[in-house]
Every structure is written in structure tokens, then in C-alpha cells.
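One structure is given below, encoded as C-alpha cells.
FYI, side chains are in, hydrogens and waters are out, and symmetry mates aren't considered; it's all heavy atoms of this structure.
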Amino acid sequence: MNIVVLAGGLSTERDVSLTTGSMVSRALRERGHRVIMLDVYLGYEREDCDIADVFSHSEEVGVTAGAISAEAPDLAQVKAMRGNSPDGFFGPNVIRICQAADFVFMALHGENGEDGRIQAAFDLLGIRYTGTGYLSSALAMDKGISKEMFEAAGIPTPHGISMKKEAPVAFAQTGMTLPCVVKPCCGGSSIGVSIVRTEEEFDEALAHAFQFEEKVIVEDYVKGREFSVGVIDYEALPVIEIAPIEGFYDYANKYKAGSTVETCPADLPAEIAERMQQIAVQVCETLGLDTYSRMDFLLNDKNELFCLEANTLPGMTPTSLLPQEAAAVGMDFPTLCEHLIQISQEKY
């Protein structure tokens with residue numbers, strides 16, 4: 001197959017996306033596919049670009065990824081790389097090359113990748129892609145909306161409220177208790193997330209989160225063990241436990257090798273693991289997530305489960321969780337990548 005792996009973009013998770021794209025591209029080439037890895041924002045611009053022949057020199061056309069830095073990328077610097085044409089999300093020739101491909105593997109993370117907008121554009125243009133559709137992507141991306149849907153469906157989740165940048169509320173008026181968590185409503189990779197223990201810290205956490213988005217979530221802090229469950233085609237994978245050596249599972253601990261101990265299958269009583277898997281599948285049914293996704297959980301000292309969120313395009317980096325869960329059931333990384341394409345094709 002001729003496959004475009006779409007990565008990069010203007011999300012705070014840009015570096016993670018490029019690493020995901022690089023890993024997936026390499027794996028799919030190993031399986032015999034002709035693969036172009038495209039930066040969705042920077043695109044591919046050459047005067048002699050022959051779209052009809054572009055897949056015959058796919059590795060020359062594609063971009064490469066560097067290491068994931070300890071901090072979120074400078075998006076103003078990325079925009080400057082487009083020179084005199086920074087406006088518009090799709091870079092030069094991105095749409096044309098995607099239309100020429102047999103399939104697009106979505107290696108995007110965060111804003112414009114997981115929020116449904118690209119999926120909607122591709123639906124209108126007849127471009128086939130991996131992952132769930134535009135509406136379920138949008139519902140899962142907005143943690144405020146998905147939290148309301150969880151509560152309506154009886155899915156256990158920390159109590160929380162939403163707050164907009166133009167109408168911030170002092171902690172005393174929120175009705176929340178300390179400690180609490182403040183985080184951007186639609187962000188990922190724990191960027192902009194703060195654990196708040198005092199009212200002074202609350203104001204600082206709001207200011208920090210509003211640097212990334214216009215809407216934030218304030219929710220109860222749940223002290224406990226962290227887990228994740230991948231779901232592929234409505235079947236749950238083994239539970240994985242995430243135990244940061246220091247602090248919580250923030251951006252640095254997610255992507256710095258050796259900073260987190262990950263155990264799969266997790267050391268849990270069978271009934272708790274099965275309950276977590278059942279809830280993960282229920283989340284998919286509630287939000288309408290098809291093909292594949294990954295749900296994050298907390299388990300407190302009373303063995304109470306809390307679903308935090310759904311990830312519609314889980315990371316596929318060297319330290320990512322979904323590939324580790326798939327490996328636990330005997331599915332190596334290239335096989336996983338090809339399987340995700342296969343189940344996504346069934347939608348069409």
C-alpha cells in the first residue's frame with residue numbers, strides 16, 4: 001500500500017507526534033509498504049513535485065523526527081518555518097499527497113489532530129484514515145463534555161467543573177475542595193496540568209493552564225495508582241500500570257526514558273483488572289469511539305476506580321503504553337501498526 005503517516009502540526013504535543021510518526025513509518029516500511037511521513041503543517045514543497053510519482057521516493061519526501069524535548073515545543077518558531085505563508089493548517093501539497101495515498105495513518109496528537117477537525121476535512125475530501133471519526137474525536141478531546149457523558153452513563157470519574165478564561169472563578173466560589181487538579185480542557189500529555197494544595201497555588205495553576213487554552217477543568221484530586229487500558233475494535237488489552245519514580249505522570253515522565261516504571265499486565269486482583277477493562281470498553285461505547293483508543297484510570301486506596309479521559313490517537317513512541325499492552329498479548333509493533341490500518345479500513 002501507499003501510506004501517508006501524518007504527524008507534526010501545531011499542537012503542544014508536536015514533538016511526540018513526530019516521534020510517533022517516525023516509529024510507525026519505520027514499522028510499516030518493514031511490512032513492505034511505501035510510506036511517506038508528512039508534517040501536516042510544514043508539508044512538502046518542491047517545484048518539480050510529481051504527486052503521481054511521489055511514493056516511488058517516499059523516504060526522500062518524508063520528514064524525520066528528533067528526540068522529544070523535556071519541554072513543549074515553541075510553536076511560534078514552527079510557524080516561522082513556513083516563511084511568508086504561516087496561515088492555514090495544511091502545509092503545501094499535504095492534501096494532494098494524502099488524496100494520492102491508499103490510506104493515511106494518523107500519528108497526530110492534541111489540537112487539530114485528535115479534536116476531529118482533520119477527520120471531518122478528510123471525510124469531506126474522501127481521504128481514508130486510521131482511528132475514530134470526527135464526532136467521537138471531538139467528544140473525547142473536550143474533557144468537560146466527556147466528563148458529563150461519563151457521569152450520565154454511570155462511568156466513575158473525578159467530580160469536576162469547567163471554567164473559561166474570560167470568566168475565571170476564585171477558588172472559594174468553585175465549591176471544590178483541596179487538593180484539586182487544574183488542567184487545560186482539551187490538552188494532552190499532561191501539559192499545563194497542576195496539582196493544587198493551597199488557594200494561592202490555585203490562582204497560579206489557573207494562570208498556567210490558561211496559557212495553553214481558553215477553557216480549563218478543575219477536578220477532585222484522587223491519590224492513587226495510575227493505570228491505562230487500550231481498546232482495539234471494542235476488545236480491551238491488558239491493563240498497564242504507570243508508576244513515575246518522582247512526581248506524577250507529567251510530560252517529562254511520559255517521554256523521558258527511565259523516569260517511569262511501567263508494568264503490563266499490571267499487578268492487580270483479577271476482578272479489579274476486569275472491571276477496569278469493562279469500563280474502558282463502556283467509555284468507547286459512550287463516546288462512540290471505534291477502531292482503537294486508550295483510557296486512563298486512577299485507583300485509590302479503597303479500590304475505587306476513576307476514569308480520567310479517553311485518548312483517541314494514543315502515542316506510539318518508544319515509551320508509549322498501547323504498544324506495550326499489545327506486546328503483552330503477542331502483537332509486535334509492526335503487526336500492531338498494520339492491524340490498526342486493517343480495522344480502520346473496515347469502516348470504509
Side-chain angles (χ1 to χ4, degrees), residues 1-11 13-46 48-66 78 81-82 88-134 137 291-292 312-317 320 333-348:
M1 292 176 66
N2 292 333
I3 298 172
V4 167
V5 174
L6 205 59
L10 290 176
S11 162
E13 297 176 84
R14 171 183 171 82
D15 291 351
V16 184
S17 170
L18 288 169
T19 302
T20 283
S22 181
M23 295 282 293
V24 170
S25 298
R26 188 181 308 125
L28 291 174
R29 289 188 184 112
E30 287 179 13
R31 300 299 292 242
H33 300 289
R34 297 200 297 182
V35 181
I36 295 173
M37 177 175 157
L38 278 182
D39 185 318
V40 65
Y41 180 73
L42 297 180
Y44 177 72
E45 191 167 24
R46 241 174 64 173
D48 60 345
C49 177
D50 182 359
I51 300 299
D53 190 47
V54 73
F55 284 93
S56 64
H57 52 283
S58 58
E59 292 192 51
E60 176 189 339
V61 173
V63 297
T64 57
V78 176
M81 295 170 69
R82 274 260 293 260
F89 184 70
F90 291 107
N93 292 311
V94 167
I95 294 297
R96 295 176 64 205
I97 294 174
C98 287
Q99 287 176 318
D102 296 312
F103 223 78
V104 174
F105 193 108
M106 298 288 275
L108 295 160
H109 302 312
E111 185 180 7
N112 295 316
E114 291 187 81
D115 62 8
R117 283 185 278 188
I118 290 181
Q119 288 83 353
F122 280 4
D123 286 346
L124 292 173
L125 294 168
I127 296 171
R128 304 192 303 171
Y129 56 89
T130 56
T132 195
Y134 74 92
S137 296
T291 63
Y292 64 102
T312 56
L313 292 176
M316 303 280 275
T317 72
S320 292
F333 189 75
T335 302
L336 171 63
C337 293
E338 193 157 49
H339 183 58
L340 297 183
I341 291 175
Q342 290 170 350
I343 63 171
S344 297
Q345 281 182 303
E346 294 173 6
K347 297 191 302 182
Y348 299 97

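Using a 4.5 Å heavy-atom threshold, the side chains of Thr291 and Thr130 count as separate. Within the 4.5 Å cutoff, side-chain heavy atoms of Leu28 are placed close to those of Ile341. Side-chain contact between Ile3 and Asp102 is absent, with no heavy atoms from C-beta onward closer than 4.5 Å. Between Asp39 and Tyr44, every side-chain heavy-atom pair lies at or beyond the 4.5 Å cut-off. Inter-residue side-chain proximity for Tyr41 and Val94 is flagged as unmet; no heavy-atom pair is nearer than 4.5 Å. Side-chain contact between Phe89 and Ile118: present, with at least one pair of heavy atoms (C-beta onward) separated by less than 4.5 Å.
Checking side-chain atoms of Ser25 against main-chain N and O of Gly21 turns up a donor-acceptor pair under 3.5 Å.
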- Should Val35 and Arg26 be marked as a side-chain contact (heavy atoms from CB on, under 4.5 Å) after you check the CA-CA gap, both sets of side-chain angles, and the distance that decides it? CA-CA 8 Å; Val35 181; Arg26 188 181 308 125; over 6 Å; no
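Here the straight-line distance linking atom CD of Gln119 with atom CG of Asn112 works out to 10.0 Å at 0.5 Å rounding. From Asn93, atom CG reaches atom SG of Cys98 across 10.5 Å, with rounding to the nearest 0.5 Å. For the atom pair Ile127 CD1 and Ile97 CD1, the distance stands at 11.0 Å (nearest 0.5 Å). Considering CZ of Phe122 and CG of Leu124, their distance stands at 11.5 Å, rounded to 0.5 Å. Taken from CE in Met1 to CZ in Phe103, the straight-line distance is 6.5 Å, to the nearest 0.5 Å. With values rounded to the nearest 0.5 angstrom, Leu313 atom CG is found 6.5 Å from Ser137 atom OG.
Smallest separation of non-hydrogen atoms from Val5 and Ala107: CG1-CB, 3.8 Å. Scanning both residues, Met316 and Cys337, for their nearest heavy atoms gives CE-SG, 3.8 Å. Nearest approach of Val104 to Leu6, heavy atoms of both residues: CG1-CB, 4.0 Å. Scanning both residues, Arg82 and Gly88, for their nearest heavy atoms gives NH2-O, 2.9 Å. Pro92 approaches Leu42 most closely through the heavy-atom pair CD-O, 3.2 Å. Nearest heavy atom pair, residue Arg14 against residue Gly9, reads NH1-O, 2.8 Å.
For Tyr292, there are no side chain to side chain donor-acceptor pair (under 3.5 Å) partners two or more places apart in sequence or in a different chain. Shown here are the side chain to side chain donor-acceptor pair (under 3.5 Å) partners of Thr312, two or more places apart in sequence or in another chain: Glu114.
Residue Phe90 places its CZ atom among more than 12 non-hydrogen atoms of other residues, nucleotides or ligands, all under 6.0 Å distant.
For residues 337-348, every residue pair satisfying the side-chain hydrogen bond (donor to acceptor under 3.5 Å, both in side chains) rule, not counting sequence neighbours, is listed here: Arg31-Glu338, His33-Glu338.
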